[in-house]
Enquirer: 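There's a structure below that I have some questions on.
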Amino acid sequence: LKLNQTLTQLTRAAPGDMQTSRYSCSRKGDTRIMDLNDSTSLAELMASYQPSDTGYRVPKDGWRICLAHEFKEKRTPLQAKNVSLSDIVKHIGLGLRYLKWWYKKTQVEKKAPFIDMFRALPLRQIYGAPLGGIGGGTITRGWKGEFCRWQLNPGMYHYKTVIADQFTVCLRRDSRTIYQQVLSTEHPHTMQGWNWGYCGEYAFYHALYPRAWSVYHLPGQNVTLTCRQVSPVIPHDYKDSSLPVAVFVWDIENKNDYALDVSIMFTMVNGSGHKDDKSGGHWNEPFNLEKEGESVSGVLLHHCTPVNPYTLCLAARKQSDREISYQTAFSPEGTCSALWSDLINNGRLDSPKGPSPPTQKGEKVAAALAVGCSVAAQGHNCVEFSLVWDMPKMTFGSREKEHMRRYTRYYGTNGDAGPSLSHYALTHYKDWEKSIEEWQRPILEDSALPSWYKSALFNELYFVVDGGTVWVELPEDCDVSGGLRPQEGGLPAQPPIIKEYGRFAYLEGQEYRMYNTYDVHFYASFALIMLWPKLALSLQYDIAGSVVQHDPTERMNLMTGRCSAVKTQNVVPHDIGDPDDEPWTRANAYQIYDTADWKDLNLKFVLQVYRDYHLTQDTQYLQDMWPICQAVMEAELKFDKDGDGLIENSGYADQTYDGWTVTGPSAYCGGLWIASVCVMCKMAQLLKRDSVYERYRDILERGSAAFDKLLWNGKYYNYDSSGRSLSNSIMSDQCAGYWFLRASGLGNGELQPFPKEKIRSALKSVFDFNVMSFGGGQMGAVNGMRPEGVPDRSSIQSDEVWVGVVYGLAATMIHEVSTEEGLHTAEGCYRTVWERAGMAFQTPEAYCEKGIYRSLGYMRPLSIWAMQLALDKTGQSYRPRQPSNSLDTVAQ
């Protein structure tokens, strides 16, 4: 204790003497030497960093920020006060109905609303790369090192920083502790016996997902620590990518002329900061597992809740020159001086035998694991930790069904996989890194690509894992076909791809809790089809099965107050359900409109079917989807009221822009329709369905002529053909249909429904107005722009920037106009979100020019991978080997 008091009192000492990091944080100006990327705004993120250390093998490209950085821009979520009076009057009925529905949902049913308009998430500018693989739950570690966002219960987020979850370093020289510091800039009111307040100006964070680096220079000690965080998120890997595990590799550089003994201690609470941490019955135990000549040991933290229990596992690999020690249980409340002093005394922990007693109600319990090693003078060494969260069985909010996570195929469902998962992670993470580096290297080494793009491309992939994502096994008795068999134009009860690769679902957004929201997945799907195509196809089979289903249950639509069926047959669902209910069983959690009348959902299914076939060459998939495509297109034809071959919108917001009214033929839905008819022609050709081809070819010719006649104004396609004063607004997304054709290898030759000169003119108008005349040309593309050069403020969505739409627009520009314009358009979004607004790893659906954002942590920005497909031109890099079955065989 006396040594601890001395430690916490010292503030400055000569190198090699006992010292804390309450070291002078004054600016050193010219002493800051960093190999910064090509961005002045990135230099701003690193402006506070003092040392010259760039860490141990930290890559050049990625998102980098000094731990002392403060974002000047402070944005707030969209609130009623930000809505115009005319919009409030227009939607007063919706507001009253929503309030009544919200009260019943939250106060009577005790459930979370699928969108909570009264409790929008405030912006916390703290998040870093999430931990773990796909579909096993996630824990997000902030860029300052805190464990701060939790999604262990499927689809339900808990935003709580658990202050006791930390890494601590202890330096010893000649058997005497000379430095001990929690590697956190926090000054908490609890755990006062620990040495907090590391000076953030001596550290930086660097993210290149799925890896991240935290570099700590220890002031006055001539020691640099680099913590490398590794998660098994590996393209085209369907085993290791499912594992709920992360590895932390601590590289230690001793730049002194004498050796040091260095210990790193990892502490973690049994829980996530949720109220159930104090529910009682939780307990910890040490373990050791030896297998295949390798041994790991650590502590298991059993979190024994009645619903969705799980086990956390801290582990390290035994090596001859490493010393592993632990503390099975300690209270994270109070001063925690005993644990701190235990480490100070000799750089190791007590390591008691046996399990801890179960906690009493109102108590918390935590555990600690320490690994020590010697580091030679002017030398380097490293220590490794793994973190596992094992929740093999899970239930959604309804508690009706039990689902088995994907990784249980390899590690069982007993809830005892923590040691085995730890062992596998610590002995295989180098293989993961090799695969990650091989995947990323061609892009990172392409000098023609700007550094910000490389950061955006990989870091936006966080949402594949941290989108409330679930990846589960298909039960033996499950029928995904919707009851319609192949001979009747349906699907097999258990399509082989779902049976082999499982079911996949991710949320529209962390705030918009609906799984596989299809109008948004249309944009985001590029990441899946290019990197995990089997998951993309599995999702499509699930959607196809839902298409043929009918749920006649009547419910009220909040926008109109009228009732309609929950799910209409032969219509693509808006989503496959709410995680607080029972996804896959009850679709369409979205309740604002009756989406059976939306104009875009069916079309987006057809376009994705062909795009997926084009990139995978999976002919069985094309054959299976063909009758579903025919069914949804037949259903869509009813929206062509005048029989001119072009569908009409119905005078309300009946598509993904669900706050922006559209009437009659429109650029967005009309363009999607024309593109869908085009791919129906192509698929009919491939499958030798001549009569179907002739029918859709006739529709294509008439529809294209009507589209051009009703919407083309000489420079771009009008927003709609209603003749309203704002119908000639310039919509940034007016070429969405053409974008998908180009991504699918179409749009040229025989099937060229959009004249190229008109597409190029339209894209030029969008670039000149929506991009360059908005936000100084540095904020991406606003959704709607008036030809007078001001944003369209007719709705709350028309004057927003939708990040995922901008990435899709940029891909279209790259396909058709120029790479430079496409990159410039997308760059504005990246700079705004990641460098100015502090929204890293929580990219929102939307932001306005000043002050406002909407829906943090959103699916649509995964569309940035469409830019990579466009840059690649043909997509050959992402095309797996063609299956042996040919289209001729399938057609026969």
Enquirer: Is it true that Tyr429 and Glu384 share a donor-acceptor pair across their side chains at a distance under 3.5 Å?
Expert: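 Side chains of Glu384 and Tyr429: pair found under 3.5 Å.
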
Enquirer: Specify whether Trp194 and Trp196 have parallel, tilted or perpendicular ring planes, treating 30° as the upper limit for parallel and 60° as the lower limit for perpendicular.
Expert: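 Parallel, since the angle between the ring planes stays under 30°.
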
Enquirer: Counting only heavy atoms not in Glu70, do more than 12 fall under 6.0 Å of its CD?
Expert: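 No.
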
Enquirer: Can you confirm whether Phe266 sits close enough to Val371 that some side-chain heavy atom of one is under 4.5 Å from a side-chain heavy atom of the other?
Expert: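 The answer is no, as the side chains (C-beta and beyond) never meet within the 4.5 Å cut-off.
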
Enquirer: Is it true that a side-chain atom of Thr469 and a backbone atom of Gly135 form a donor plus acceptor pair closer than 3.5 Å?
Expert: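 Not confirmed, Thr469 side chain does not pair with Gly135 backbone.
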
Enquirer: To the nearest 0.5 Å, what is the distance between CZ (Phe504) and OH (Tyr515)?
Expert: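 So the CZ of Phe504 and the OH of Tyr515 are separated by 9.5 Å.
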
Enquirer: Between Arg586 and Asp551, does any NZ, NE, NH1 or NH2 come within less than 4.0 Å of an OD or OE carboxylate oxygen?
Expert: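 Result for this pair is no, no salt bridge flagged.
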
Enquirer: Is it true that a side-chain atom of Asp350 and a backbone atom of Pro352 form a donor plus acceptor pair closer than 3.5 Å?
Expert: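 Flag not set: sc Asp350 to bb Pro352 has no pair under 3.5 Å.
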
Enquirer: Quick one: sort the Trp102 and Phe118 rings into parallel, tilted or perpendicular, breaks at 30° and 60°.
Expert: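 Plane angle over 60°, so perpendicular.
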
Enquirer: In this structure, is the centre-to-centre distance between the rings of Phe167 and Phe248 below 6.0 Å?
Expert: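 Yes, they do, as the ring centres are separated by less than 6.0 Å.
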
Enquirer: Any ion pair linking Arg317 and Glu294 (charged N to carboxylate O, less than 4.0 Å)?
Expert: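 A salt bridge links Glu294 with Arg317.
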
Enquirer: Are the charged groups of Asp466 and Arg149 less than 4.0 angstrom apart, N to O?
Expert: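 Here Asp466 pairs with Arg149 in a salt bridge, since their nearest N and O are under 4.0 Å apart.
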
Enquirer: Kindly compute the distance separating CG (Leu171) from CG (Leu225), expressed to the nearest 0.5 Å.
Expert: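 With rounding to 0.5 Å, CG (Leu171) is 7.5 Å from CG (Leu225).
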
Enquirer: If only side-chain N and O atoms count, and only distance matters, is there a donor-acceptor pair under 3.5 Å linking Glu582 with Ser398?
Expert: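 Short answer, yes.
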
Enquirer: Rounded at 0.5 Å granularity, tell me how far CG in Leu301 sits from NE2 in His282.
Expert: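 NE2 of His282 is found 10.5 Å from CG of Leu301.
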
Enquirer: Could you tell me whether Glu146 and Arg141 make a salt bridge, using a distance below 4.0 angstrom between a side-chain N and a carboxylate O?
Expert: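 No, no charged N to carboxylate O under 4.0 Å.
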
Enquirer: Measure the OG-CG distance between Ser351 and Leu369 for me, rounded to the nearest 0.5 Å.
Expert: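 Interatomic distance, Ser351 OG to Leu369 CG, rounded to 0.5 Å: 8.5 Å.
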
Enquirer: Do the ring planes of Tyr159 and Tyr157 sit parallel (below 30°), tilted (30 to 60°) or perpendicular (above 60°)?
Expert: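 Because their plane-to-plane angle is under 30°, the rings of Tyr159 and Tyr157 count as parallel.
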
Enquirer: Say whether Arg854 and Tyr512, considering side chains only, have a donor N or O and an acceptor N or O under 3.5 Å apart.
Expert: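 Yes, Tyr512 and Arg854 have a side-chain donor paired with an acceptor closer than 3.5 Å.
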
Enquirer: Testing the 3.5 Å rule here: is there a donor-acceptor pair between the side chains of Ser242 and Arg409?
Expert: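 Ser242 vs Arg409: no donor-acceptor pair found between side chains.
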
Enquirer: Using 0.5 Å steps for rounding, measure from the OG1 atom of Thr843 to the CD atom of Gln510.
Expert: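 The OG1 atom of Thr843 sits 10.0 Å away from the CD atom of Gln510.
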
Enquirer: Check the pair Phe330, Trp340 against ring-ring contact (aromatic ring centres under 6.0 Å, His included), reporting the backbone distance first and the verdict last.
Expert: CA-CA 11 Å; Phe330 72 93; Trp340 187 260; over 10 Å; no

Enquirer: Spell out, as yes or no, whether a donor-acceptor pair under 3.5 Å connects the side chain of Thr267 to the backbone of Ala164.
Expert: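 A pair under 3.5 Å: yes.
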
Enquirer: Decide whether His303 and Asp276 meet the rule of one side-chain donor and one side-chain acceptor closer than 3.5 Å.
Expert: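 Looking only at side-chain atoms, Asp276 and His303 do form a donor-acceptor pair, the distance falling under 3.5 Å.
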
